[in-house]
Every structure is written in C-alpha cells, then in structure tokens.
Amino acid sequence: MSSLAAPRAESPAGTTPGTARRPPLRRRIALVPTVTLFLGAIYCLLPVAWVVIAATKSGRELFSTFTFLPGTGFAGNVRDLNAYRDGVYWEWMGNSALYAGLGALLSTCVSAFSGYALATYRFRGREAIFNVLLAGVLMPPVILAVPQYLLLAKADLTDSYLSVLLPQILSPYGVYLARIYAAAAVPADVVEAGRMDGASEWRIFTRIALPMMIPGMVTVFLFQFVAIWNNFLLPYIMLSDDEKFPITLGLFTLLEQGANTPALYTLVITGAFLAVLPLVALFLVIQRFWSLDLLSGAVKS
C-alpha cells in the first residue's frame, strides 16, 4: 500500500524541526534603547503638545472640550494678550531677550577667555581655580540667589536690569566647557608657532584659537541663553517693578491673578506658547552653524 502523506518540509539549517526561527537575541536587545528613547521623547513632548493645542482654545473651549482637540480661539487669545495692560507681555518678552541675549553673549566671552587661559597657560593655582569652578557647577542656584541679592543691595543695584544681568555673566559650567573644548581643539604646537612668529597673545587668541573654539562657544551661548531665558528665581528675588520682569516672572504674575480671574488662564497658556518660539528659532539657527562647523572641520582634516 503506497503512502499518500505529503512530504514534510525540511527545517532550516541550524533549527530544530517543528520550531520557528526566532530573532537573534542581539537584535531584541538593540530594540531596548530605541523603545526607551521613544518613551522619553513622548514624555518630553507631551506637555509641549498640550500647550500648543491649549493655546488654540478660547476660555470656554479650554474647560469643556477634549484635552487634545484643537480649538478655534488662537487669534482671539493673541488679541487679548496684546491688549492686556497695553501690551505689557511684549515688554516682558523684550526684557527676556535683553537678559538672555546680552547675558549669554557676555557669559560666552568670559567663558572663552577663561577657558582658553586655563587650557593654555601654566601658572600656580591653575588647578585650584578650576576646582573652585567645578564646585560652582555643583552649587544649586537657590543657594547663591540670596547672597547675590545681599551683595547687589549693598551696591544699590537691586530692582534694576543690572541686578539680573551681572550674576549671569560668570557661568562655571560655561568656563568648564570652554576649557575642555580649548584643550581639545587648539593644538599647543599652533600656539607656539604663533609666538615664534612674533604674534602677541591677544592676536594668537583672536586670530588662531578663537576660530577653532567657535563650535564650543556656540554651545556655551545656547546653554546660557536657554538658562537665562528660563530663569525665574533670580528675577523673582531681584525685581519688584513689573515693567522689568522677564517673561517667566510676568507669566507667573498672570497665573496668580488667574486664580481669581479664570479668563486669564488662556492668556497664560498662549503667552507660554509664544515664549517657546524664540528658543526653537534660536536652536534651528545655531544648529545650522553646528553643521557648517562640522562640515568645514571634516574638509580641513
């Protein structure tokens, strides 16, 4: 009697008959960082998405519609924000641009000078100074705010633009980054060659070292700009005149008034959304410079 059973398919090489091929363990492990980063991105972007969507809602829609359903009141919210106290919101934005722009620029210059000096010159006490700066990196800002206020009060500078600008000029973290980057990007042979050619130290720094440090200084500028733009504690302690408030402190006062006037909540949310746009624009512009610097470095090498 002939057998009518169909021939069984041969199992792939290296597998047991009757079992399916499983993905390699290495591939499954490689998915863990991807999934972790994806969940972290959702965690970070979810509040941003909420602010963007909530800014489009009118006061009635904000409390009566689904959280992530866009509204129709964005234009009205912007008009109300412009009309609030004759446009004081834009004064706050201008103050933040002044504090963050000028403060970050001065801080970047100080960091570049200090980092280059600590990386290039050999002098007594260099490591002690650098260790003190590292201690400043670890120091929480809340601990320094009150002593800074007392010092500036002695100089009669509180409730002024300088009271917010001056404490931001020296950034221990910026000096640390500048020293690390200068030590890696500025070869000692190039500096010595400039000295042998008779160039002054200032000329060596501005014409030779600084162009090599530009990518690192752009990073320092970005970090310091974002830190000053988002700073709340220092202006809260130093300032009493609301016309000198930065955007963070101005929105805080609006939020406090919103406890008694719920209609102001839409202004706070719309103002927070508009306050994020300059940071996004700055990051996009600086990212372009990062790409150009990396490309030029690859071509030169």
Side-chain angles (χ1 to χ4, degrees), residues 38-105 161 164-165 221-236 239-291:
F38 180 73
L39 294 177
I42 293 177
Y43 177 80
C44 295
L45 294 178
L46 195 61
V48 178
W50 182 88
V51 170
V52 172
I53 295 173
T56 65
K57 299 183 179 183
S58 62
R60 180 179 56 84
E61 295 172 336
L62 183 63
F63 299 101
S64 61
T65 60
F66 177 65
T67 302
F68 291 100
L69 182 65
T72 59
F74 179 72
N77 293 340
V78 174
R79 285 195 299 268
D80 294 341
L81 191 62
N82 289 333
Y84 178 75
R85 289 182 52 189
D86 298 327
V88 69
Y89 174 82
W90 301 110
E91 291 186 17
W92 296 338
M93 286 281 280
N95 292 336
S96 288
L98 174 65
Y99 296 140
L102 185 57
L105 181 61
Y161 291 102
V164 180
L165 276 174
F221 178 86
L222 177 62
F223 284 173
Q224 193 65 3
F225 187 96
V226 173
I228 298 175
W229 184 276
N230 294 329
N231 193 2
F232 169 79
L233 181 62
L234 185 65
Y236 181 75
L239 301 176
S240 58
D241 184 3
D242 62 353
E243 293 185 354
K244 299 185 179 71
F245 283 178
I247 192 64
T248 51
L249 193 53
L251 290 177
F252 174 75
T253 59
L254 266 180
L255 185 61
E256 282 191 323
Q257 297 173 19
N260 300 321
T261 311
L264 293 179
Y265 282 137
T266 56
L267 301 187
V268 175
I269 295 172
T270 306
F273 168 67
L274 295 177
V276 174
L277 297 182
L279 297 180
V280 175
L282 177 66
F283 179 80
L284 293 177
V285 171
I286 287 183
Q287 188 181 33
R288 173 177 174 271
F289 285 102
W290 272 332
S291 301

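Side chains included, hydrogens not; waters and symmetry mates left out as well; all remaining heavy atoms used.
- Using the six-membered ring where Trp is involved, W92 and Y89 have ring planes that are perpendicular, over 60° apart on the 30 and 60° scheme.
- Residues L254 and Y265 form no side-chain contact, since every pair of their non-hydrogen atoms from C-beta on lies 4.5 Å or further apart.
- Residues P278 and W229 meet the side-chain proximity criterion, which asks for heavy atoms closer than 4.5 Å.
- Note on ring orientation: taking the six-membered ring where Trp is involved, the planes of F252 and F232 are perpendicular (angle over 60°, cut-offs 30° and 60°).
- Residues satisfying the side-chain hydrogen bond (donor to acceptor under 3.5 Å, both in side chains) criterion with D241, sequence neighbours excluded, are K244.
- Side chains of L239 and P246 form a contact here, defined as non-hydrogen atoms less than 4.5 Å apart.
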What side-chain donor-acceptor pairs closer than 3.5 Å can you find for residues 68-82, not counting sequence neighbours?
from, atom 1, to, atom 2, distance (Å)
T72, OG1, E61, OE2, 2.9
N77, ND2, A55, O, 3.0
N77, ND2, K57, O, 2.8
N77, ND2, G73, O, 3.1
N82, OD1, W90, NE1, 2.4
N82, ND2, V78, O, 3.3

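- Using a 4.5 Å cut-off on side-chain heavy atoms (C-beta onward), I269 and W50 make contact.
- Evaluation of the side-chain hydrogen bond (donor to acceptor under 3.5 Å, both in side chains) rule for Y84 yields Q257 as partners, not counting sequence neighbours.
- A donor-acceptor contact shorter than 3.5 Å is absent between the side chain of T270 and the backbone of L267.
- Side-chain contact between I286 and F221 is present, with at least one heavy-atom pair separated by less than 4.5 Å.
- Of the inter-residue distances, the one linking L165 atom CG with I228 atom CD1 reads 7.5 Å to the nearest 0.5 angstrom.
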